[in-house]
**Q** 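Before anything else, here's the structure in question.
Here is how names work: the chains are called A, B, and so on, in the same order as the sequence lines, proteins then strands, and each is numbered from 1.
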Amino acid sequence: MLKTFSLGGIHPEENKFSAGKKIEVLPIPTQVSVPIAQHIGAPSTPVVERGDSVKVGQIIAKSSGFVSANIHSPVSGKVFKIDKVLDASGYKQMSIIIKVDGDEWEESIDRSTSLNREITLSAEEIVKKTGEAGIVGLGGATFPSHVKLSVPPGKTCDILILNGVECEPYLTSDHQLMMEKGEEILVGTQILMKALKVDKAIIGIENNKKDAIEHMTKLAEQYKGITIQALKVQYPQGGEKQLIDACIGREVPSGKLPIEVGAVVQNVGTTFAVYEAIQKNKPLFERVVTVTGKSVKNPGNFMTRVGTPVKDLIEAAGGIPENTGKVIGGGPMMGKALASADVPVTKGSSGILLMPDELSTRGKTESCIRCSKCVSVCPMGLLPYLLMTLSQKAIWERSEEERVMDCIECGSCSYTCPSNRPLLDYIRLSKGTVGQIMRSRNK
Amino acid sequence: MNVVLITIITLSALGALAAIILYFVAQKFKVFEDPRIDQVEEVLPAANCGGCGFPGCRAFAEALVKSDDITNLNCPVGGADTMQAAAKIVGKEVGTAAPMVAVVRCNGSCENRPRTNSYDGAENCTIAATLYGGETGCTYGCLGLGECVDACNFDAMYMNEKTGLPVVIEDNCVACGACVEACPKDIMQLRNIGPKSRRIFVSCVNEDKGGPAKKACSVACIGCGKCEKVCAFDAIVIKNNLAYIDYEKCKLCRKCVTVCPTNAIHEINFPVRKPKPPVEKKLVGKVEEGTVKTPTPKPATELKAESPKPAAKVEKAETSVKKDRVVEKKDDSTPEKKDKPESK
Amino acid sequence: MSTLTISPSPHVHSGDSVKKNMYGVIIALIPALAVSLWVFGLGALIVTVTAIAASVLFEYLIEKYLLKVPSTITDGSAVITGLLLAFNMPSNLPVWIIIIGALVAIGVGKMSFGGLGNNPFNPALVGRVFLLISFPVQMTSWPLPMQNTTAYLDATTGATPLGIVKEGLANGTSLSELMNQVPSFVDMLVGKMGGSSGEVAAIALLIGLAYMLIRKIITWHIPVSVLGTMAIFAGILSYSNPEAFAGPAFHLLTGGALLGAIFMATDYVTSPMTNKGMIIFGVGIGVITILIRVFGAYPEGMSFAILIMNAFVPLIDRYVKPKRFGEKVK
Amino acid sequence: MEYALIIISAIFVNNVVLSQFLGICPFLGVSKKLSTGIGMTGAVTFVMIIATLVTWMVQKLVLEPFNVQFLQTITFILIIAALVQLVEIVLKKVSPPLYQALGVFLPLITTNCAILGVAIMTIQKDFNLMESVVFATATAIGFGLALVLFAGIREQLDLADVPKGMKGTPIALIVAGLLALAFMGFANLA
Amino acid sequence: MNQWKNFSKGFFKENAVFTLLLGMCPTLGVTSSAINGLGMGLATTFVLVMANLVISLIKDVIPEKVRIPAFIVVIATFVTIVEMLMQAYVPALYDSLGLFIPLIVVNCIVLGRAEAFASKNSVGASIVDGLGMGLGFAMALTLLGSVRELLGSGKLFDISIYPEDYGMLVFVLAPGAFIALGYMIAIIDKMKKA
Amino acid sequence: MSDFEYVEHQGIIEEISPNRVRVRIISVSACAACHAKDACNASDMEDKLIDVYESQPDLSIGQRVLLLGKKNLAPLAVTLAYIFPIVLILATLFITIKITGNEPLAAALSLGVLVPYFTVIHYLKDKLQKTFTFTIKHQIN
Amino acid sequence: MNGCGFTTKNITINNMATIDSSLKNMLLTLLIITAISGTSLGFVYKMTKEPIAAAKAKKQQKAIKLVVAEFTNNPAEDVVELTSKEGFPIKIFPARKDNQLVGVAVETMTNKGFGGDVRLMVGFKPDGTIINYQVLEHKETPGLGTKMGLWFKTDKGNQSVLGKNPGTSKLTVSKDGGDVDAITAATISSRAFLDAVRIGYETFMDNKNKIEKGAAQ
Ligand SMILES: Cc1cc2nc3c(=O)[nH]c(=O)nc-3n(C[C@H](O)[C@H](O)[C@H](O)COP(=O)(O)O)c2cc1C
Ligand SMILES: Cc1cc2nc3c(=O)[nH]c(=O)nc-3n(C[C@H](O)[C@H](O)[C@H](O)COP(=O)(O)O)c2cc1C
Ligand SMILES: Cc1cc2nc3c(=O)[nH]c(=O)nc-3n(C[C@H](O)[C@H](O)[C@H](O)COP(=O)(O)O)c2cc1C
Ligand SMILES: Cc1cc2nc3c(=O)[nH]c(=O)nc-3n(C[C@H](O)[C@H](O)[C@H](O)CO)c2cc1C
Ligand code: SF4
Ligand code: SF4
Ligand code: SF4
Ligand code: SF4
Ligand code: FES
């Protein structure tokens, strides 16, 4: 029996159409718009002005706090303006808009493709450089990685877990990255291990990526302390709490971070970015994005500069199909529906998913028949049906007692509910309100 | 022994026992509750809506009795009369809070604001608001999912299905503020009812610059500043590309209404020659229309009928021309001088 | 792609629906219905058709004229209620009683609480017990199996195995003697015994169970815990005094034990939400059923036991929570 | 096992609320929350036992010897009223914290038919002292059981979409009816 | 006019059973037939009226703190009197009401409390009030009794309306009592709103 | 278990002294909002005063607060105030009847046993005071 | 917060009460009230004592009259109070005509009813043949067990017990192998009824001598 996490879980149709498609480099667009808030934490502060010329990899916005990240120009050209532009959040966000002119990189960046195994920096330097390179979690949460790498005093980390699960249906960017940049990821892993001062790392990969498991296992033989763990296919295995549970059987307590159980989780893409930052001096300004969907002509994986309009990516995959009803940034379970295809790709964009009309709308909501399916699939052991009702009736105290804050927003409950209840919608509302109440209480 | 005698003895003994116990109870439990609390509670409307800031009318009554200074306490539901009555009981001075009413500060009806997306999630404005800016290009305006209507305990709001916007039934609104609290977009606001229920406000909260704002919604405030300039009382300020009329300063001269290029400023209950309070208006709805200086642009689709709960049905009342204190339906109640033709 | 749809995640759905579940249960009930028609013939047909039609009609009328809400009759739950109500009644019940039963089941048991999903008690059982108490005579005269396939109200009647045993034991007849009067276990398995129209065929009900388990309409927890508890409890009693208490096999095959455990205790709406809770619920039903059967006034206790445990469901849900992630102390 | 019979009968078979119709007011009134239901049950049990003890003594030592049984109603109700007062005073005096936690329920009890009803029933049934007290205890537990189940269901219904016209008392009564229906299954168990 | 209002409020607006939900035990307990309901209702009315009369007479000479116990004594006295009278002259009814006769005491304490409490009414008003509340209570009980008897055994005041075999026994039993009252209250609420 | 974890009451601060805050509890039970309260004995419950032995700087008289009873307070209170004495009564009754067979005596004794019990409780007052502390939690809104 | 409505509330407002709540006043008032109440109760009691007793006696008399043939004595005076083997109190009212025992009315009971005790008055001829019966008290379910009042008198099928002699017929329900048809769907009540009849019969027979002796005197 393959390992997996202990509670709940679902297995949606995988639909990995773009699996095995080589990573293509997307042509540089004529204009990019780079939001200053692409990560969890404080938005960065722009350090360029209208009319400035920038090079690829030049810093254009600086981290504005501990939990924040630098942003580097993904292209070379002129800053056209700094203005509010619609982004994936559905609201207008301050963004730096750059008109592209050529492709001139900062000289410090090593553009060679050769593998560099030798880690020269010290742990502290690695963390610092990760921060400078603006690396944030590419697994979706876009949490600034250097923060995670700075283990708080009093806590110890004894294991690094790499998230190569990619449990979201449709998405294949991590998969393809592991196939093509396996060695780099492993070196990146060693860098992270060094930064965290641990001697063990596990790369968790779901069993629907047998080729990646095989490939990585073979490569990992040469690297000390790194093991590959094949995992049973089950959503949301990629959730870090679930992944830790699946790989090493530890449960992160309610409201605590993984470090509580001595683990740090990083996405494989993040690890690759760390490799590039440390060994090649290349900050984070491009990433692999999967473009896919049932009716997409050429689903594929594209190395894309941050700030590229989603439209361009879709063009590269064969254009937008006639019957598209929904464009999702990310996977179908956790991704965000985009209000328009004009929004830019950001550091957190792991995929663009086009849904045909018939799959774009939800079924009619009926009343809860107490079938308990949502309860049985919830990976956190919550009672989604109750949380939704409590939220609708604004009974916040009870919601808190029922641990609404534990919800990882995986959406398994909404996915499974036969009555099509918008469980997660209301649970999010509840999390927001309860979180606010809790904060005001602690004040 | 004589039954009667035994009966008397038995009962008397019991009676004595009860008396003694009671006596001690009385000693121990001297709880004095100010009787005025009850009296005050009597005069309060018993709506228990929390509009006063206290959980329930009784709590408010207690506060009235107990606080030394009650000038800043107010029961919006009962209004001045109630407060006067209560003040008399407790022998204190009440503040003279001007009566308020809720207004909807968005006029982005379906025609005014073309849809660019369609929403398919939980029917709840707050949830929708966390997800996106709205189904239209305006990320500030009303989402139209009616959370404010749900919040209102007084049947004072309904969603106009034609416009997709909420409507306040002025006669029912007690200014409890529940809708204001509920709206995640800050569309709802409590404002002075104003003399004869007349008031002027900017029915827009869009902070985008003129171009995008106008593109997203034909009646958006574009922050052009014309109204600010024309106002003789400094009642209008423009901040973040958005005009705001301070109701305390506004003298209802209506100059701003006429200068606004997008008809974003609404005037309510301004028949030209209205000799009587609004009630009268209903009767003369038609006439009034004629008399309004600036003809009401659209037929009163939503003019609220005075009927207390016209709720769901109202939108059908195309024919009902009575306009009355129904408040602000954006369309009808905007007697802007020129406006777009009756679209609908 | 003029207007893109926007909605919060997730953007995919399992495709499961209330209808699928309900129709699944109906399909699972078909074998039992077939056996019922085979064993009781015309009577079973009339009872079933009347009960279903009346249930659906009442739901429709109440929603349309009293509650003024959109009709939900197509979701299949009213059909199940009607079908199970019919399965819980003798096949010679007059039509007017069936109609009262359906009215009570749907009107009192379900719609008064707001319809599907809100009722604390199993509607079919509310209807059934209401009738049992209101019309004890009609509700406890059981047509004989295989002999009345063309008869309806005038069917010849006899006692159910549980009735025979209960009466017999009350008169001091020994159990071994009584066992000769009741049908053989094989007959019980295929349905050749007296009883409510749908409860008799053990095999057919088990087929239904298998179908529902495979389609994941229900989980094993409730049926297994109900039947297991009954078997254990009956086993202990019978072991302690084989002449006074019937054994587990007898209890499981008779008196609607299977029908109740498989189809009625499992009703989503009126059963607990967690696996642990379901097991507690099932154990409670098992214990109370045997208690009523052996010591109470009624020969069969399934209906009451389920209703009684229905009342405990809110408490169970309140205090029995699923294991929560992060609770494990390492 | 006489006592076992009395107990089973009073809790399940002849449940005070669900089949004897006593104490309905607090049953309907104090059942909106589970926690309140539990406090109420404790208070009722306590008062019921003491009241039974005292009224039993009065009956045997005063009313019967003097042959004035017709004074039963008036003496019992006075005693109960006084007793509840006394319990309150004692509790308050002895332990204010306890009083604060539980005093709420006491006044509700004076006008609870169940207390007077049980006192009278023990006399009618001609129970001896021990039986009376066991009966009173079991009756109170039966009351508590019904109350707790009922409160649980009502809490759940608060979250359900009960039709407008049925909300509140009507649906509570229907639930009580169905609960009573279910409890009929215990018939003749003892 | 005022008196009339005072009297009539007990029937509808402040009906003890349907609106105030007071005195539920006898309401449910004795209404297995219309006649029982009526008997109980009248007995209660008698006690209520008499007690109101006496209380309003003596209210000025009772220290506040013993007002309630005094009231209890008065009520209990009248209850006992009713009890004895019924036993003597309508033994059959007495038998069928059983325990609920002494329980009138509790009930009347509840029903009459506001009166005792405020004691702001004259003798006449008190009687009218007692009469109104009492008769309203009697009406409710009779109504419920009729419904239950009719549904349960096909009779009304013991007169057969349809064959007993068609009656739904539940309605003369405990569950039926709750259910019938539940729906009656729902209907009356609805009527009140309409 | 949530129901047992704490009890919550709404109250108004009545009096503040250096180490004690007296809070008036209102509408403790379902009665407060009930339409029948005028006619119901239960609503006679006057407000209760609860002492909170905890001083918070930002409290003012007349302020509305939420009182939070300690975890597990309710069952403990029920146990101490009712369940224990009940058990005591039953035990005394049983023993006395078994030994003497004298019912009135048993009745009297078992009632009498409450006296020492409550005396003990009385002396434990201070201790209980601590177990049963309420804390003030600000009202949200 | 003082319970039971002993509150100081409105009093302060309605300054109606003219009397202080001093201990003395309270005691006095209550004493007076209870005394008045006691007096009136005592008198009503005295007044109704007779009618109550009469009502009871009448009921009993009626029952006896119904179940035994004509008699000339006052059976209530000659009552013999016994205890059955099962421990139930049984009263036997001998009915005599011209000092000749013509029958007995036996007030008998059982606790096996569906709702508990069932109390009957059964009239037996001296040889034990049942003359008639009346149900005095029961708690059976209306519509089911209550049918016993008429059922066993109705001459239909094997329902009736009149004219049967428990000594010679098997007076148990047919389900239990006896000769009497049980009430439909109320076997338990039927059994209880027959059980009470049997108890009455046996107690009567066991003490027949004593009763006849009484007759002889
Ligand atoms: C406020 C906050 C503080 C965090 N601090 C740390 C930290 O100190 N160490 C760490 O390893 N991760 C930290 N995290 C990151 C989380 O463990 C987690 O990786 C991140 O929220 C993304 O989770 P996901 O990718 O499962 O969605 C923090 C996250 C948040 C929101
Ligand atoms: C429900 C859920 C599913 C997730 N699935 C994945 C996944 O498939 N792959 C992944 O790398 N991260 C996934 N994540 C994010 C991880 O929890 C975690 O944030 C990430 O692995 C941390 O690494 P990063 O900071 O390098 O992104 C998921 C998070 C959640 C809540
Ligand atoms: C509410 C109710 C009341 C009942 N009352 C009686 C009763 O008064 N007497 C009785 O013998 N059985 C009574 N029963 C029991 C049943 O009618 C029952 O079926 C009985 O156990 C024996 O049935 P049988 O006579 O058909 O064998 C009652 C059952 C219920 C549900
Ligand atoms: C597995 C399952 C079992 C069901 N069992 C019953 C049942 O026993 N009685 C019934 O009335 N409805 C039953 N239903 C239908 C439906 O859930 C029921 O009518 C609801 O209780 C009505 O709210 C069942 C449905 C399912 C899915
Ligand atoms: S979204 Fe939250 S509640 Fe729903 S299944 Fe996931 S963790 Fe559980
Ligand atoms: S899955 Fe849906 S229907 Fe089932 S219990 Fe959860 S919310 Fe209710
Ligand atoms: S419209 Fe708003 S302010 Fe007015 S009553 Fe309704 S919720 Fe209160
Ligand atoms: S005004 Fe606010 S709350 Fe009301 S519908 Fe619009 S967005 Fe929603
Ligand atoms: S009448 Fe209220 S408790 Fe009985």
**Q** For Lys326(A), is it the side chain, the backbone, both, or neither that has a heavy atom closer than 4.5 Å to a heavy atom of chain C?
**A**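 For Lys326(A), the contact with chain C is made by backbone and side chain together.
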
**Q** Check whether more than 12 heavy atoms from other residues, nucleotides or ligands sit under 6.0 Å from atom NZ of Lys216(C), and answer yes or no.
**A**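 Counting neighbours around NZ of Lys216(C), 12 or fewer heavy atoms of other residues, nucleotides or ligands fall under 6.0 Å, so no.
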
**Q** Select one option (side chain, backbone, both, neither) describing which atoms of Pro169(A) are under 4.5 Å from chain C's heavy atoms.
**A**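 Contact with chain C is absent: no heavy atom of Pro169(A) under 4.5 Å.
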
**Q** Given that the side chain runs from C-beta out, which part of Ser271(C) has a heavy atom under 4.5 Å from chain A: side chain, backbone, both or neither?
**A**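 Just the backbone, heavy atoms under 4.5 Å.
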
**Q** I'd like to know which of Asp357(A), Leu383(A), Leu359(A), Ile10(A) tops the heavy-atom pair count under 4.5 Å against chain C.
**A**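 Greatest number of close heavy-atom pairs with chain C: Leu383(A).
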
**Q** For chain A, find which of Thr266(C), Ile6(C), Thr5(C), Thr270(C) contributes the most heavy-atom pairs closer than 4.5 angstrom.
**A**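 The option with the most such pairs is Thr5(C).
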
**Q** Quick check on the structure: residues of residues 277-288 of chain C within a heavy-atom distance below 4.5 Å of chain A, by number.
**A**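 Hits under 4.5 Å: Met278(C).
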
**Q** Which one, Gly15(C), Ser14(C), Ser7(C), leads in non-hydrogen pairs under 4.5 Å with chain A?
**A**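 Looking at each of Gly15(C), Ser14(C), Ser7(C) in turn, Ser14(C) comes out on top.
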
**Q** Side chain, backbone, both or neither: which part of Tyr385(A) has an atom under 4.5 Å from a heavy atom of chain C?
**A**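 For Tyr385(A), the contact with chain C is made by the side chain alone.
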
**Q** Which atoms of Met333(A) come close to chain C, meaning under 4.5 Å heavy atom to heavy atom: side chain ones, backbone ones, both, or neither?
**A**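 For Met333(A), the contact with chain C is made by backbone and side chain together.
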
**Q** Which of the residues Ser367(A), Gly8(A), Gly331(A), Cys371(A) is involved in the greatest number of heavy-atom pairs with chain C at under 4.5 angstrom?
**A**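 Greatest number of close heavy-atom pairs with chain C: Cys371(A).
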
**Q** Taking every heavy-atom pair that is under 4.5 Å apart, which of Glu409(A), Lys256(A), Arg362(A), His11(A) has the most such pairs with chain C?
**A**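 Top count of heavy-atom pairs under 4.5 Å with chain C: Arg362(A).
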
**Q** Non-hydrogen contacts under 4.5 angstrom with chain A: give the residues of residues 107-127 of chain C involved, or none if there are none.
**A**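 Contacts with chain A: Leu116(C), Gly117(C).
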
**Q** Is there a side-chain contact (heavy atoms from CB on, under 4.5 Å) between Asn323(A) and Glu358(A)? Walk through the geometry before answering.
**A** CA-CA 8 Å; Asn323(A) 63 344; Glu358(A) 65 272 17; 4.1 Å; yes

**Q** Indicate the atoms forming the closest heavy-atom contact of Glu251(A) with Arg324(C), along with that distance.
**A**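 In terms of heavy atoms, the two residues are closest at OE1-O, 4.2 Å.
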
**Q** Out of the candidates Thr81(C), Asp75(C), Thr74(C), only one should pair with Ser77(C) under the side-chain hydrogen bond (donor to acceptor under 3.5 Å, both in side chains) rule; please name it.
**A**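 Single side-chain hydrogen bond (donor to acceptor under 3.5 Å, both in side chains) partner of Ser77(C) among Thr81(C), Asp75(C), Thr74(C): Asp75(C).
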
**Q** Pick one of side chain, backbone, both or neither for Leu353(A), based on which atoms fall under 4.5 Å of a heavy atom in chain C.
**A**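 For Leu353(A), there is no contact with chain C at all, as no heavy atom is under 4.5 Å.
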
**Q** Which heavy atom in Pro236(A) sits nearest to a heavy atom in Gly9(A), and how many Å separate them?
**A**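 That would be CD-CA, 4.3 Å.
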
**Q** Sort Ile369(A) into side chain, backbone, both or neither according to what part of it lies under 4.5 angstrom from a heavy atom of chain C.
**A**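 Contact with chain C: backbone and side chain both.
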
**Q** Under 4.5 Å from any heavy atom of chain C, what part of Cys368(A) do you find: side chain, backbone, both or neither?
**A**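 Only the backbone of Cys368(A) comes within 4.5 Å of chain C.
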
**Q** Atom OH of residue position Tyr91(A) - does it have more than 12 heavy atoms of other residues, nucleotides or ligands inside 6.0 Å?
**A**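 Atom OH in Tyr91(A) is crowded, with more than 12 foreign heavy atoms closer than 6.0 Å.
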
**Q** Do Arg428(A) and Ser9(C) pass the side-chain hydrogen bond (donor to acceptor under 3.5 Å, both in side chains) test, and can you show the C-alpha distance, the side-chain angles, and the key distance before you say yes or no?
**A** CA-CA 11 Å; Arg428(A) 273 201 204 98; Ser9(C) 67; 2.6 Å; yes

**Q** Non-hydrogen atoms of chain A under 4.5 Å away: do they reach the side chain of Lys20(C), the backbone, both or neither?
**A**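 When you check distances to chain A, no heavy atom of Lys20(C) falls under 4.5 Å.
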
**Q** Is the backbone N or O of Ser391(A) less than 3.5 Å from a side-chain atom of Ser430(A), with the two atoms forming a donor-acceptor pair by type?
**A**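 Side chain of Ser430(A) to backbone of Ser391(A): no pair is present.
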
**Q** Does one side chain, of Glu59(C) or Thr72(C), offer a donor that lies under 3.5 Å from an acceptor on the other?
**A**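 Their side chains do contain a donor-acceptor pair, which is all the 3.5 Å distance test asks for.
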
**Q** Keeping the roles fixed (side chain from Asp267(C), backbone from Phe263(C)), state whether a donor-acceptor pair exists under 3.5 Å.
**A**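 Absent.
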
**Q** Tell me whether the rings of Tyr415(A) and His13(C) are parallel (<30°), tilted (30 to 60°) or perpendicular (>60°).
**A**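 The arrangement is tilted - the two ring planes meet at 30° to 60°.
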
**Q** With respect to chain C, which residue among Leu386(A), Thr361(A), Asn420(A) yields the maximal number of heavy-atom pairs within a distance under 4.5 Å?
**A**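 Of the candidates given, the most pairs with chain C belong to Asn420(A).
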
**Q** Counting heavy-atom pairs closer than 4.5 Å to chain C, which one of Leu424(A), Leu382(A), Leu338(A), Ile328(A) comes out on top?
**A**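 Most heavy-atom pairs under 4.5 Å with chain C: Ile328(A).
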
**Q** Apply side-chain contact (heavy atoms from CB on, under 4.5 Å) to residues Cys157(A) and Ile259(A) and explain how you reach the verdict.
**A** CA-CA 6 Å; Cys157(A) 174; Ile259(A) 197 72; 3.8 Å; yes

**Q** Distance-only, no hydrogens or angles: does the Asn88(C) side chain make a donor-acceptor pair with backbone N or O of Leu84(C) under 3.5 Å?
**A**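 Yes, because the side chain of Asn88(C) sits within donor-acceptor range (under 3.5 Å) of the backbone of Leu84(C).
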
**Q** Do you know the tightest heavy-atom contact between Leu390(A) and Ser399(A)?
**A**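 So the minimum-distance heavy-atom pair works out to CB-OG, 3.4 Å.
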
**Q** Output yes when a side-chain donor or acceptor of Ser225(C) lies under 3.5 Å from a complementary backbone atom of His221(C), and no otherwise.
**A**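 Here the side-chain-to-backbone pair exists.
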
**Q** Could you check whether any side-chain heavy atom of Met380(A) comes within less than 4.5 Å of a side-chain heavy atom of Gln242(A), counting everything from C-beta outward?
**A**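 Answer yes - side chains close enough.
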
**Q** As an exercise, state the distance from CZ of Arg403(A) to CG of Leu387(A), rounded to the nearest 0.5 Å.
**A**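 It is 11.0 Å, given to the nearest 0.5 Å.
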
